There are 2 protein chains.
Amino acid sequence: MSAAHNTGERILDAAAELFAVHGYAGTTTRAIAEAAGVNEVTLFRRFENKVGILRALGTRIQQQQAGFAAAAAPDSESVRETLLRLARMEIEATMAGGALAIRLAFDAKSVPEVAELLGEGIPNNAAGLAEFLAEHQATGELRADIDPNVMAEAFFGLTSSYVMYRIVMGVAPMPADVSTDDGIAQLFDLFWSGAATQKERV
Amino acid sequence: MSAAHNTGERILDAAAELFAVHGYAGTTTRAIAEAAGVNEVTLFRRFENKVGILRALGTRIQQQQAGFAAAAAPDSESVRETLLRLARMEIEATMAGGALAIRLAFDAKSVPEVAELLGEGIPNNAAGLAEFLAEHQATGELRADIDPNVMAEAFFGLTSSYVMYRIVMGVAPMPADVSTDDGIAQLFDLFWSGAATQKERV
DNA sequence: CTAGACTGCAAGTAGGCACTTACACGCACC
DNA sequence: GGTGCGTGTAAGTGCCTACTTGCAGTCTAG
């Protein structure tokens with residue numbers, strides 16, 4: 001513990017893990033310090049508050065989300081490929097974060113500080129996808145008889161519930177390899193068969 | 001407050017609402033008592049513990065779930081009709097409960113008591129649906145190339161995410177009428193188009 | 001080798017928490 | 001009219017929590 005270089009990061013890592021499992025209210029600063037292998041006092045010296053830790057964690061998540069949004073489709077990709085890739089990215093990111101985002105999304109209702117941080121991130125993501133979907137409804141690749149917002153909701157419902165189920169049901173937190181998990185492929189296939197127009201299916 | 005008749009129920013109602021919003025750890029017994037319009041001491045006289053309240057709430061939820069499971073398909077109904085009805089029931093039940101079940105599902109990870117109570121409810125529900133789906137895969141009404149468990153997951157993902165989104169995004173907790181909400185119909189239609197075999201699709 | 005930044009350790013504070021105790025009031029039933 | 005039962009009120013207990021203070025050690029930079 002002598003090196004000063006990564007103390008802050010270790011604290012945030014520990015906090016993220018604990019918040020994801022126990023929620024914000026259910027996590028004690030002592031537990032964070034212990035998990036980080038750091039003295040509790042150090043917590044308050046680096047981050048002013050318990051909320052300060054959360055705040056720092058929030059900006060971290062925001063950066064990750066930004067990265068996700070930035071991953072626009074390369075032109076060579078089909079809509080189907082883009083969406084599947086997005087689904088895997090979403091799931092991987094969420095699971096890697098120990099479902100922090102989902103958990104905090106709930107806490108946001110009661111801890112105003114969290115609400116501010118998570119801010120418009122989730123709705124914005126959904127709106128962004130809806131826009132993308134609407135474009136491809138216009139080109140006839142996706143069904144036009146379903147509201148793009150509903151379609152986006154279904155998409156995120158698919159990915160978030162994949163993660164939720166594995167948390168709630170206590171399954172292994174991370175399958176061997178998300179990028180090749182057949183379950184995701186099937187789940188996505190179901191979504192795609194429902195979302196695409198007839199000629200685009202299969 | 002003189003009448004003794006419904007004190008226990010009022011306490012449970014208040015607790016359910018608060019647990020749903022603040023989580024178990026984030027809810028104080030004082031807050032429950034206040035919301036129920038009851039003295040805090042009464043809480044401990046009726047239910048031994050804070051956990052006791054949760055326990056009582058758990059059996060309540062279990063009964064609701066039981067009611068859901070019992071609603072087997074009348075013979076006259078098509079698979080599609082049955083699933084749509086199930087979806088609406090699921091959503092209505094979950095939203096009526098203020099998303100208590102979803103919230104507690106998360107707390108279950110950290111509060112062992114909750115885990116026991118919620119117990120196998122959710123997995124069982126999923127398994128039951130998977131069985132139902134498998135039967136209709138056999139008759140050729142549903143696609144056989146998707147694992148029935150994956151299909152069940154998609155179904156519950158659809159319903160639970162409908163509720164989640166409305167919580168997370170702070171939308172009105174209950175649309176005017178769930179049983180006629182067009183959003184659900186579209187969401188379900190997307191699922192159905194993905195799950196049914198070609199000849200069954202509309 | 002000195003200065004400063006970073007950390008650990010021991011002890012403590014004030015407040016909030018779940019939960020308790022003791023007493024008094026009102027109501028129903030016999 | 002007395003006996004319970006259910007409830008309210010007041011006060012308090014001990015524990016845990018976020019957070020603080022003071023001091024000492026260690027590493028790095030100049």
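Quick note: numbers below take in every heavy atom, side chains included, and nothing from hydrogens, waters or symmetry partners. A note on names: the letters A, B, ... follow the listed sequences, proteins ahead of strands, and every chain is numbered from 1. What you see is a predicted model; the values in this text were computed from it and never measured.
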For A:Asn39 and D:dG22, give me the distance from atom CG to atom P, rounded to whole Å. 17 Å
Starting from P on C:dC6, measure out to CG on A:Leu43 and report it in whole angstrom. 16 Å
N-O pairing of A:Glu48 and A:Arg55 below 4.0 Å: no
Think A:Arg46 forms a cation-pi with A:Phe44, using NZ or CZ under 6.0 Å from the six-ring centre and within 45 degrees of its axis? no
Distance-only check: which donor-acceptor pairs under 3.5 Å involve side-chain atoms of residues 32-41 of chain B, not counting sequence neighbours?
from	atom 1	to	atom 2	distance (Å)
B:Asn39	OD1	B:Val41	N	3.0
B:Glu40	OE2	B:Thr29	OG1	2.8

Does B:Glu90 pair with B:Arg85 as a salt bridge, N-O distance under 4.0 Å? no
Any side-chain N or O of B:Thr7 below 4.0 angstrom from OP1/OP2 of D:dT7? yes
Stepwise side chain to side chain donor-acceptor pair (under 3.5 Å) check, A:Ser193 with B:Arg143: CA-CA 11 Å; A:Ser193 300; B:Arg143 293 172 58 178; 2.8 Å; yes
Rounded to the nearest angstrom, tell me the gap between atom CD in A:Glu9 and atom P in C:dC6. 15 Å
Length of the CG-C1' vector between A:Leu18 and D:dT17, whole Å: 15 Å
Take the angle between the ring planes of B:Phe155 and B:Phe188 and call it parallel below 30°, perpendicular above 60°, tilted in between. perpendicular
Separation of D:dG6 C1' from B:Arg10 CZ (nearest whole Å): 12 Å
Measure CD1/A:Ile53 against C1'/D:dC19 and give the value in whole Å, please. 11 Å
Would you tabulate the pairs of protein nitrogen or oxygen atoms and nucleotide nitrogen or oxygen atoms of nucleotides 15-22 of chain C closer than 3.5 angstrom?
from	atom 1	to	atom 2	distance (Å)
C:dA18	OP1	B:Thr27	O	3.4
C:dA18	OP1	B:Thr29	N	3.3
C:dA18	OP1	B:Lys50	NZ	3.3
C:dA18	OP2	B:Thr29	N	3.0
C:dA18	OP2	B:Thr29	OG1	2.9
C:dC19	OP1	B:Asn49	OD1	3.4
C:dC19	OP2	B:Lys50	N	2.8

